[in-house]
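Remarks on the structure that follows.
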Amino acid sequence: MDEKYFPKKIEQKWQAKWADAKVFEVQIDDERPKFYQLEMLPYPSGNLHMGHVRNYSVGDAVAWYKRLKGFNVLHPIGWDSFGQPAEDAAVKRKVNPRDWTEENIKAMRGQLQRLGLSYDWSREIAAHRPEYYKFDQWFFLKMYDKGLAYKKMTQVNWCETDQATLSNEQASGGLCWRCGNPVTKRDLEQWFFKTTAYADELLDGLNTIEAGWPANVLKRQRDWIGRSEGALVDFEVRVPGKTGSLKPEDRRKVRVFTTRIDTIFGANAIVLAAEHPLIEEFGGGFSAEVHAKIEEILREKAKPADHEAEVEKDGIDTGLKAVNPFSGEELPVWVGNYVMMEYGTGAVMSVPAHDERDFEFAKKFGLPIRQVISEPHLAHEHHTMQALALEDPYTESGVLVHSDYWNGKTSEAAKQEMTHHAHLHGFGEAATTYKLRDWGISRQRFWGSPIPIVYCDTCGTVPVHFDDLPVELPENAPITGTGESPLSKVSEFVETECPKCGGPGRRETDTMDTFVDSSWYFFRYTDPANEILPFSPDLAAYWTPVDQYIGGDDHAVMHLIYTRFWTKVMRDLGLVKFGEPVTRLLTQGMVVGETFFDDETGKRIYAAPGEVTVERDAKGKIVSARSADGKALKFAIERMSKSKGNGVDPDEMVEIYGADAARLFVLFAAPVENELVWNEAGIEGAVRFLQRIWRFVHRWRDSFAKAASGSEQSEVARKLRRKTHQTIRRIDQSLDTLQFNTPVAALMELCNALYDSGIEPENASADEAAAVQEGVTSLVLMLTPFAPHTAEELYSVLIGNENGMLANGALFPEFSEELAADDEIEVVIQVNGKLRSKFAAKPGEDRSKLEAAALADPKAQEFIAGKEVVKVVVVPDKLVNIVVKG
RNA sequence: GCACGCGUGGCCAAAUCGGCAAAGGCGCCGGUCUUAGAAACCGGAUAUUGAAGGUUCGAAUCCUUCCGCGUGCACCA
């Protein structure tokens, strides 16, 4: 042990020792409970950023904590190595995506290793390697067999900037999830996975994992699935001019979805989406004005959505009529810009009195507003009054009025009975709709897993045989970045034999969405070399489900819905026995920093913070910023990244401060779920703290020999032991509940207590030396999750060998309730809620004694003197509050 | 607009069930050491817990309103 703390030296030393002894490589062990600690796998961009450091530091802390708690911990890592940036690099820099990716992986693996993260590197996987994506294809074929993978012509979300197809999740809010630019629509034939087949399960399954998942993720998933229960109702459509009964083949119906069938007597119109098929069908009879309006609505819809402004309701009466099947009333059929073709049936019944949107629409166009639901206590009044001027729509449940036979029924009862009635008479049925759509997985990309399908002129769409997997990507393809599938230009790839008839066939040239790779990767870690199956069900049965998953909450809907879907499919394939892959989820906040930019050109051009002159107010907030050439810049706090110039390079930090200090600081600086605003100064405090422990151990290293416990303990020794055991209790609880900042503070306090105890190696008695030894050993062990290299080194000094904690069977310290207990408690005396005095009492002293002691207290008596004691509140072990009057 | 969350010293933050006017770190100030500084060590200051009301013997903690900030959803019938 050096006298001084040289982080680099000990970090290299222990990283080598860990690697040589393969201490983090794990196998099935039925003797110990297992723990699967997982962090979201990185995209190999080539550079680790602070967000990664945070994510992986947290995961590593949990992994170490669980190891020291006696668990058999699986802690793997891999690479989400398919995806667009590799193609961008190919276009921009003329490099081969494969080479580029492999180099990046190499660089980032080195960065992770320098951070000393305790991964089982023998299980490392990479999505772009054929031995991995073979099983993307394997799963595709299994889903194809089960009817869960299908192809259809569809309008896809298309990002003009990225030249890419996006799934609904990736195009959420009309903006591209990657670049933030508006999404447009395009017609393409696409492959889909039937996520909707599991819609109910995806929703209901959330209840079973509720305890371990953040509330906001659960909420967002529920919103995204968006189940709503209601009814479908058919309205017969009449064409004006044609009277009398139509021939059956001329009869048309418009079907609406409603969650409020109980309001149907209040319907004043049917409103269609502009894309509704009925419009096409009857369009010939529409006036020019109607056509113009429909065109206008469609045009507006195609425009990028401005989310700030609320779109004003617009529409027009088509002239068609529809018959309310309940009342027989003839209603006008409108087209409205607020009705979406993608949801429900693309047609709604407009009930302005009980729906805000319909209300707004009716107000604008002067449509009648009829109240048919009333608050129960007003039902009679409302029923007798003919016209009611509603100020606002009444959207709650209530009692039906003006609804014929159904008058007086509650909304709940009416919904059931009316749905039943519609069903009985053949014009409706109960129905459930979802916002969740099937998952479009086709991408017109090169750098992804090929979809294992062959098109044959005779046999049609033919799946590749399982034995012929993987369908390997060619070495390279002409990547133009213009949105066509690069593979379609590689004839060796495209031209093949039909797996069925042996005749000429053409391969599917689209590749799969990269979210496919990440939907099942953590199962692969359990059996990474399996060539027959994605993984052995037996191995997966031991390790999975994941006990703790950690990642950014930007994946709350996409990745985490896909992987839950995938798990349910795997369950139905017999690979696993459960439907929820992740028991506990932790979403960490972003690491952000100040950015400075110029957006005059419409695009943000970032300036390096070092070259910016910043003016700050008293609170440190930025007031103004100027670039080196004196130009005023805009500023913001944004996610750290290299391109924005506010990134801190992890390698540099490790070089200057050491990996342990960097990790310790990142964990200490803020609660994990919070945003972390980067400030450079704090990390020095982390180094100082590590040095402080280091020096303490160094000072004491030769003096533990005289330690002997069991002897009579001095007051200082007992006090120190109490602090030690209280700290163990605190840290244990914190780590169990995934708090990392508070245990670091507790470790600092314990360290301070060791220094403050006044016990010196030269004159310590045997019991005092023993107390110090216990304190410092506990401190070092508990430091491990935060600063493992330093902890290992110090532990080796304390224990006298360099085999490492795990080989020595080291365990997280156990606290003793008895030693942690205070032997004397300070009880507070309040008079009328104000602190007036204190006295010492035994823990657990009974109320009457505490009360008597408080009343007898001389200082308290000063405040009670001459007044009437109204009552005395005693909180055992805490305080006595004397309430007086006068 | 709707829903949810947050607001504690200059900054980041802690405080089971309401219970000692409030931990720890950064920063700041002073001292020791040093030629000086840095580091280290020792010591110190700094909080009507966003505002106003309410409940209570007692409120950072519970309730109401307001202000500020953040996140999610955004015409989902």
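Below, read A as the first sequence line, B as the second, and so on, with proteins coming before strands; counting in each chain starts at 1.
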Looking at [N], which nucleotide sits across from it as a Watson-Crick or G-U wobble partner, both distances under 3.5 angstrom, or is there none?
{"N": "rG18(B)", "result": "none"}
{"N": "rG72(B)", "result": "rC2(B)"}
{"N": "rA40(B)", "result": "rU32(B)"}
{"N": "rA60(B)", "result": "none"}
{"N": "rU49(B)", "result": "none"}

Quiz item: Salt bridge check: are Asp2(A) and Lys9(A) linked by an N-O gap of less than 4.0 Å?
Solution: yes
Quiz item: If you measure only the distance, is there a donor-acceptor pair under 3.5 Å linking the side chains of Tyr434(A) and Thr196(A)?
Solution: no
Quiz item: With a 3.5 Å cut-off and no angle check, do the side chains of Asp358(A) and Tyr338(A) form a donor-acceptor pair?
Solution: yes
Practice problem: Just do the side-chain contact (heavy atoms from CB on, under 4.5 Å) check on His354(A) and Val351(A) with the steps written out, would you? | Solution: CA-CA 6 Å; His354(A) 305 292; Val351(A) 185; 4.0 Å; yes
Self-check item: Charged tip of Arg692(A) within 45° of Tyr755(A) ring normal and under 6.0 Å
Solution: yes
Quiz item: Counting only side-chain N and O atoms of Thr742(A), is one of them less than 4.0 Å from OP1 or OP2 of rA23(B)?
Solution: no
Quiz item: Do the side-chain N or O atoms of Arg222(A) get closer than 4.0 angstrom to the phosphate oxygens (OP1, OP2) of rG72(B)?
Solution: no
Quiz item: How are the rings of Trp694(A) and Tyr5(A) set relative to one another: parallel (under 30°), tilted (30 to 60°) or perpendicular (over 60°)?
Solution: tilted
Practice problem: Would you please classify the geometry between the Phe257(A) ring and the Tyr343(A) ring as parallel, tilted or perpendicular, with 30° and 60° separating the classes? | Solution: perpendicular
Quiz item: Rounded to the nearest 0.5 Å, how far apart are CG of Leu879(A) and CG of Leu850(A)?
Solution: 9.5 Å
Quiz prompt | Ala686(A) to Phe665(A) - nearest heavy-atom pair and separation | solution = CB-CB, 3.9 Å
Could you write out each protein N or O paired with an N or O of nucleotides 56-60 of chain B at a distance under 3.5 Å?
{"unit_1": "rC57(B)", "atom_1": "O2'", "unit_2": "Asn881(A)", "atom_2": "ND2", "d": "3.3"}
{"unit_1": "rC57(B)", "atom_1": "O2", "unit_2": "Asn881(A)", "atom_2": "ND2", "d": "2.3"}

Self-check item: Test salt bridge (Lys or Arg N to Asp or Glu O under 4.0 Å) applied to Glu862(A) and Lys859(A), step by step
Solution: CA-CA 5 Å; Glu862(A) 282 176 37; Lys859(A) 265 206 209 128; over 6 Å; no
Quiz item: Does the separation of the ring centres of Phe668(A) and Phe689(A) fall below 6.0 angstrom?
Solution: no
Which pairs, protein N/O on one side and nucleotides 47-50 of chain B N/O on the other, fall under 3.5 Å?
none

Exercise. Residues of residues 857-864 of chain A with any non-hydrogen atom less than 4.0 angstrom from an atom of RNA chain B: list those, numerically ordered, please.
Key: none
